[in-house]
Amino acid sequence: MNWQTLIFGNLSWSVLPENAIAWFGALTVIAGVLAVVGVVTYLGRWQWLWDEWFTSLDPKKIGVMYIVVALVMLVRGGSDALLMRAQQATSVGDSYGILTSTHFQEIFSAHGSIMIFFLAMGFMFGLINLIVPLQIGSRDVAFPFLNSLSFWLFFAGAALINCSLIFGDFSTAGWLAYPPLSELRYSPTSGVDYWIWSLQIGGLGSLLSGVNFFATIVKMRTKGMNWMRLPMFSWTVLGSMTLVIFAFPILTVTLALLYLDRTAGMHFFTAELGGNMMMYVNLIWAWGHPEVYILILPAFGVFSEVVPVFSGKKLAGYTSMVFSVWAIVVLSFIVWLHHFFTMGAGADVNAFFGIMTAVIAVPTGVKIFNWLFTMYRGRIRFESPMLWFMGFVVLFTLGGVAGVVMAEPPADYQLHNSLFLVAHFHTMIVSGVLFGYFAGLTFWFPKIFGFKMNEKWGIRAFWFWLIGFILAFGPLYLLGFEGATRRLDHYSSSLGWQPLFIVAGIGAISIAIGFSCQVAQLVATFRDYKRNRVGNDPWDGRTLEWSVASPAPSYNFAALPIVHSRDEFWEEKHGASTQEQKFEDFSMPKNTGAAVIVSSFVFLLGFGAVWHIWWLVIAALLGATIAVLVHVFNEDSEYAVSGAQLAHREAGLQYPTSL
């Protein structure tokens, strides 16, 4: 080993981008980072960002940062999708499109990984941070520092996956990196290692968040909020976090074993020396299918809050909704094998998992009917949160029917690995997850910032997304029936597929316009924030988050509420319940930069592991450990808040300084 290898590992000038499109992506990332740094420096806001945001332990601020990162990753993942659609629309016959086959596979793998781990998960944890403590009547989460660390690990994972645009390449093994393609023999470059470590770091943040919010909901509900008074969004978050706690350790171990295969000469998943590729497939989907419901359950919770408010009625079938959440939680762990019906598990095993896959559609259907019953004879207001729900019902129902079809092993033998599967998966995730989180962001935005989002741009965004989605993925169902497979970057002109791929490309452009409308919505919202200011309860809400100021103070509640009914705030507004204000002294956590420091070291550890810079791995691990220990032994971590001062403030009086 020479000194260059010792210092730089596998890094060299040869790992820089090799073609114009790759260089464009790298330079775009570099230019974006430099632009942000330049603007913040010009405005002199670094100290403000550090004091007010980066070091904050306020879950509301952490939630906003999650959503900002998620939106940035939506731009990255959406750009990948546009490139794939452009390639498939033009790479036919004698034309080979705009991408090489290898580059297409990298983009394919990056798109799936980014959209699931760093868009959907980021949006989910963003909304959870913003709303759950408010909904359950809590001033904070159970473990404030752990919450901050979770976000910064998520950010470190997102940063690492984008490093592959500049240094090296990304995995060509798909978004779940099946062996043997992900093994060192077939993927000898850094791509799979980037995939492993970005997901490992981001996944660790998700696991810590799961523990945190599970404990928060179980232990920090306000007085009187028993289980059958818990708001539905918090119920679905509890179910989702339960899945996180049980599923993400499987992912952690699986990624570690694959990395050992690639770097330490192990043979867990190889086709030789005792390895078993099917063990990997079982492990990755034992995590992967619960992951679908980890994402979808909180979106269901959003709809369960939006529909009653915009229908002017209480949620129909609350008890059945609660039981359906836990039915989904349990059943989601016994359907994973339907992802590989074709891999020889046997007729009996396939039959069992086919039946379970059909059964899990039942609790989901219960929710659909309950939402529709809630709307029945209600005073429905067709504002943008409700529109996102209406679009969801149409698309999700159609996608669910396609899923039931694929639950039958004989049908799956024909449709497996086809674009029919891609269309089904995107129908469930985009309508069931993204539409839900877009509805939640619009719905709770005034609670976080104190003013509503621009409604005109929000409605335009919805229609472009809805129409674009139908155009983008409707043709894929047809192409799947005709035999078009996933990861297809070129096909014969004699097949007649190009018109359908062109329609799908037009749909992708429409979705991009829809996202541009959302950007315009944010610009218009913050530009006209004074005009759009609202009070505490702009939508005539039903749950506790609407009872506090907009934006909510760092401590959420000056006096902790006492809950007497399911829709406590609604009952209070209509005179069926009263709140007794009891102001007590309490403490809140001080800001700390420890999470930023720890995650910076973890990012360096991941980068070093990707490029086999072992001294950097050791140094980063040591630095992260020391930073954690320094924080753990720091006893000056809280500040006191006077209940008497808050009582005077709530009454609009000046607190006497002599007291």
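Basis for what follows: all heavy atoms, side chains included, without hydrogens, waters or symmetry-related copies.
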Does any part of the side chain of [Y], heavy atoms only, come nearer than 4.5 Å to the side chain of [X], both counted from C-beta?
| X | Y | answer |
| --- | --- | --- |
| Thr252 | Leu204 | no |
| Val211 | Ile245 | yes |
| Leu255 | Trp195 | yes |
| Leu415 | Leu421 | no |
| Trp444 | Val302 | yes |
| Trp539 | Pro446 | yes |
| Val132 | Ile217 | yes |
| Met453 | Leu522 | yes |

What are the two closest heavy atoms between [X] and [Y], and how far apart are they?
| X | Y | answer |
| --- | --- | --- |
| Ser234 | Ile136 | OG-CG2, 3.6 Å |
| Ala299 | Gly432 | CB-O, 2.9 Å |
| Pro475 | Val503 | CG-CG1, 3.7 Å |
| Lys447 | Glu545 | CE-O, 2.9 Å |
| Pro298 | Val237 | CB-CG2, 4.5 Å |
| Cys517 | Arg460 | SG-CB, 4.2 Å |

Checklist entry - Hey, what's the ring geometry for Trp287 with Phe117, parallel, tilted or perpendicular (30° and 60° as the breaks)? => result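 The arrangement is parallel - the two ring planes meet at less than 30°.
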Next on the checklist: Checking Met65 against Phe155 for the side chain to side chain contact (heavy atoms under 4.5 Å, CB included) test, could you report, in this order, the C-alpha distance in whole Å, the side-chain angles of both residues, the deciding distance, and whether it holds?
Outcome noted: CA-CA 9 Å; Met65 291 191 290; Phe155 179 82; over 6 Å; no
Distance (rounded to the nearest 0.5 Å) between [X] [atom1] and [Y] [atom2]:
| X | Y | atom1 | atom2 | result |
| --- | --- | --- | --- | --- |
| Arg76 | Leu165 | CZ | CG | 4.0 Å |
| Phe464 | Leu471 | CZ | CG | 11.5 Å |
| Ser198 | Ile161 | OG | CD1 | 4.0 Å |
| Thr254 | Leu283 | OG1 | CG | 4.0 Å |
| Phe246 | Met241 | CZ | CE | 13.5 Å |
| Trp235 | Phe323 | CH2 | CZ | 8.5 Å |

Are the aromatic ring centres of [X] and [Y] under 6.0 angstrom apart?
| X | Y | value |
| --- | --- | --- |
| Trp465 | Phe462 | no |
| Phe420 | His424 | no |
| Trp336 | Phe353 | yes |
| Phe154 | Tyr66 | yes |
| Phe300 | Phe396 | yes |
| Phe526 | Phe449 | yes |

Sub-3.5 Å donor-acceptor pair from the side chain of [X] to the main-chain atoms of [Y], do we have one?
| X | Y | result |
| --- | --- | --- |
| Lys367 | Gly301 | no |
| Gln87 | Asp489 | yes |
| Asn129 | Phe125 | yes |
| Thr216 | Ala142 | yes |
| Ser113 | Ala110 | no |
| Asn370 | Gly317 | yes |
| Ser324 | Met321 | yes |
| Arg221 | Trp227 | no |
| Gln521 | Trp457 | no |
| Ser240 | Thr236 | no |

Checklist entry - Side chains of Tyr477 and Thr427: do they bring a donor and an acceptor to under 3.5 Å? => result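 Their side chains do contain a donor-acceptor pair, which is all the 3.5 Å distance test asks for.
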Next on the checklist: Is it the case that the side chains of Ser150 and Asn212 hold a donor-acceptor pair, with the cut-off being a distance below 3.5 Å and no angle test?
Outcome noted: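 On atom types as modelled, these side chains do not qualify, holding no pair under 3.5 Å.
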Next on the checklist: Does Trp388 form a ring-ring contact (aromatic ring centres under 6.0 Å, His included) with Phe469? I'd like the steps, not just the answer.
Outcome noted: CA-CA 13 Å; Trp388 289 113; Phe469 183 87; over 10 Å; no
With a 6.0 Å cut-off (strictly less than), is the heavy-atom count around [atom1] of [X], excluding the residue itself, greater than 12?
| X | atom1 | answer |
| --- | --- | --- |
| Trp463 | CH2 | no |
| Met220 | CE | yes |
| Tyr178 | OH | yes |
| Phe515 | CZ | yes |

Next on the checklist: Please evaluate residues Leu176 and Trp285 with respect to the criterion side chain to side chain contact (heavy atoms under 4.5 Å, CB included), reporting the C-alpha separation (whole Å), side-chain torsions for both, the decisive distance (0.1 Å), and the verdict.
Outcome noted: CA-CA 9 Å; Leu176 287 181; Trp285 281 116; 3.2 Å; yes
Checklist entry - Run the side chain to side chain contact (heavy atoms under 4.5 Å, CB included) check on Glu305 and Ile131 step by step: do they pass? => result CA-CA 11 Å; Glu305 303 296 340; Ile131 300 305; over 6 Å; no
Next on the checklist: Between Lys60 and Leu130, does the side chain to side chain contact (heavy atoms under 4.5 Å, CB included) criterion hold? Intermediate values first, please.
Outcome noted: CA-CA 5 Å; Lys60 295 180 290 298; Leu130 292 172; 4.3 Å; yes
